[in-house]
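Below, all heavy atoms of this structure are taken into account, side chains as well, without hydrogens, waters or symmetry copies. Within every chain, numbering begins at 1; the chains are lettered A, B, ... in the order of the sequence lines, protein sequences first and strands thereafter. No experiment lies behind these values; they were computed from the predicted model shown.
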Protein chains: 2
Amino acid sequence: MQERAAPLDAETKVAERPHDHKDELRLWLRLFACKEVIEGEVRRRLRHSFDVTLPRFDLMAQLYRAPKAMTLGELSQRMMVSNGNVTGLVDRLVEQGLISRRPSPKDRRAQLVSLTAEGRRFFRAMARENGDWIADMLADLSGEEIETLMRLLAKTKASARKAIGNGVPR
Amino acid sequence: MQERAAPLDAETKVAERPHDHKDELRLWLRLFACKEVIEGEVRRRLRHSFDVTLPRFDLMAQLYRAPKAMTLGELSQRMMVSNGNVTGLVDRLVEQGLISRRPSPKDRRAQLVSLTAEGRRFFRAMARENGDWIADMLADLSGEEIETLMRLLAKTKASARKAIGNGVPR
DNA sequence: CGACGATATTTTAGGCTTAAAATTTTCAAG
DNA sequence: CTTGAAAATTTTAAGCCTAAAATATCGTCG
């Protein structure tokens with residue numbers, strides 16, 4: 001087994017334990033698997049119950065939560081996806097009549113999007129079901145376990161962000 | 001909005017609000033966000049350091065771990081993706097010279113795929129780096145915290161599978 | 001005014017992903 | 001042998017996603 005030459009300065013945690021990275025790797029794989037199971041089922045049910053994809057649901061959720069109409073740029077930042085991606089999603093949702101898009105009165109470069117009345121009703125129905133699905137899937141976890149997971153996952157995310165150099169979301 | 005009294009909130013949250021799925025939903029969102037941060041960075045680094053995508057890395061990992069050549073069907077089952085998906089990935093990896101594909105001697109419907117010598121070397125290099133990246137990103141978690149997360153995530157996955165009716169992987 | 005860098009969005013090219021239909025081969029029953 | 005269901009794979013149609021280039025507009029500095 002190959003010894004790793006760790007940098008001598010601040011972050012020598014990995015080198016301190018002669019352990020290889022097995023535990024961390026296994027944790028990552030388990031986190032990933034866990035997310036796959038839940039997300040897969042959410043996608044399936046959104047599709048079968050509402051004929052909607054998860055990305056469209058996410059976009060509508062952003063608009064639903066927002067107090068005012070949003071530009072495509074704001075949307076893409078909040079959803080953490082590329083601009084071009086949002087362009088396509090908005091196209092399709094407008095075509096479905098669930099959101100509306102109009103030029104910004106302030107800036108002729110920008111477009112403002114918001115839920116239509118139908119989009120609002122539709123999203124509310126989906127969100128209610130979605131909450132039930134998640135609650136069912138996590139039903140075997142006690143309140144205490146949920147709290148522990150919340151805390152440790154927050155720490156995990158913070159640790160990852162720090163290593164990435166992305167300490168603050170922006 | 002309702003203010004929540006500070007002294008009460010430790011133990012009895014869920015009991016106080018019997019049919020509110022807020023905690024489960026928040027846990028799900030946090031799990032998702034956590035995975036996004038780590039996965040995003042892994043994808044970025046695989047692309048920049050090795051010009052490889054995560055799906056191709058996953059496919060090679062399956063072949064690397066397997067004792068023998070595998071059919072496309074076995075691959076798609078282990079990777080938990082569709083058959084058509086594997087067809088395309090294999091096409092591209094063969095074209096890159098990282099895996100080879102030959103007809104099964106037993107069954108003319110099936111193809112056997114395995115890593116080439118170069119694919120094997122290349123995967124080993126990537127896997128080593130990948131382990132380091134993950135270990136760095138999870139460096140702030142203690143051994144005990146990792147163990148707790150492993151246990152609770154296993155329970156989470158089991159709970160979700162049970163709710164889905166997917167109790168045993170097969 | 002006119003040029004120029006910045007910003008908002010769209011387009012482009014390529015890859016990943018799925019469900020469902022189509023193709024080829026296997027295998028078993030008649 | 002022949003027929004037909006089942007299995008392995010590919011194809012198809014549609015959508016999601018990104019990085020990078022292109023387009024259009026804004027705002028400012030001379």
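In this structure, A/Asp91 atom CG and C/dT11 atom P are separated by 8 Å, rounded to whole Å. Distance, A/Leu75 CG to C/dT10 C1': 15 Å, rounded to whole Å. If you measure from atom CG of B/Asp58 to atom C1' of C/dG15, you get 15 Å, rounded to the nearest angstrom. Per the geometry, CZ belonging to B/Arg43 stands 11 Å off C1' belonging to C/dT17, to the nearest Å. Summarising the geometry, the separation between CZ on B/Arg47 and C1' on D/dA19 is reported as 7 Å, rounded to the nearest angstrom. Rounded to an integer number of Å, the gap from B/Leu46 CG to D/dT18 C1' is 15 Å. In this structure, CG of A/Asn83 is placed 17 Å from P of D/dA22, rounded to the nearest angstrom. To the nearest angstrom, C1' of D/dC16 lies 14 Å from CD of B/Glu39.
Projected onto DNA chain D by closest heavy-atom contact, A/Gly88 and B/Val86 fall at different nucleotides, the more 5' of which corresponds to B/Val86.
The residue A/Leu89 sits close only to the backbone: its heavy atoms come under 4.0 Å of sugar-phosphate atoms, none of a base. Residue contacts for B/Val81: at a heavy-atom cut-off of 4.0 Å it reaches the sugar-phosphate backbone alone, with no base atom in range. Heavy atoms of A/Thr87 sit under 4.0 angstrom from at least one base atom. Residue contacts shown for B/Gly73 are limited to sugar-phosphate atoms, with no base heavy atom under 4.0 Å away.
Within the structure, every side-chain polar atom (N or O) of A/Arg44 is placed at least 4.0 Å from both OP1 and OP2 of C/dA19. Dashed line: the shortest gap from a side-chain N or O of A/Arg101 to OP1 or OP2 of C/dA8 is not under 4.0 Å. Using a 4.0 Å cut-off, no side-chain N or O of A/Asn85 falls inside it from OP1 or OP2 of D/dC16. A/Ser104 has no side-chain polar atom (N or O) that falls below the 4.0 Å cut-off from OP1 or OP2 of C/dA8.
Counting only distance, with no hydrogens or angles, the side chain of B/Thr71 and the backbone of B/Gln111 share no donor-acceptor pair below 3.5 Å.
Ionic pairing of A/Glu147 and A/Arg151 is not present here: no N-O contact between side-chain nitrogen and carboxylate oxygen is shorter than 4.0 angstrom. A salt bridge links A/Lys155 and B/Glu145; the closest N-O separation between the charged side-chain nitrogens and carboxylate oxygens is under 4.0 Å. Look at A/Glu118 and A/Arg121 and you find no salt bridge, because none of the NZ, NE, NH1 or NH2 atoms lies under 4.0 Å from a carboxylate O.
Within the model, atoms CG of A/Leu153 and CZ of B/Arg26 stand 12.0 Å from one another, a figure rounded to the nearest 0.5 Å.
By the 30° and 60° cut-offs, the orientation of the rings of B/Phe50 relative to B/Phe122 is perpendicular.
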Please tabulate, one pair per line, all N/O donor-acceptor pairs under 3.5 Å involving side-chain atoms of residues 54-69 of chain B, not counting sequence neighbours.
from	atom 1	to	atom 2	distance (Å)
B/Arg56	NH1	B/Gln96	OE1	2.8
B/Tyr64	OH	B/Arg124	NH1	3.1

**Prompt:** Where along nucleotides 23-29 of chain C does protein come under 4.0 Å, by heavy atom, of base (B) or sugar-phosphate alone (S), with - for untouched nucleotides?
**Reply:** -BBS---
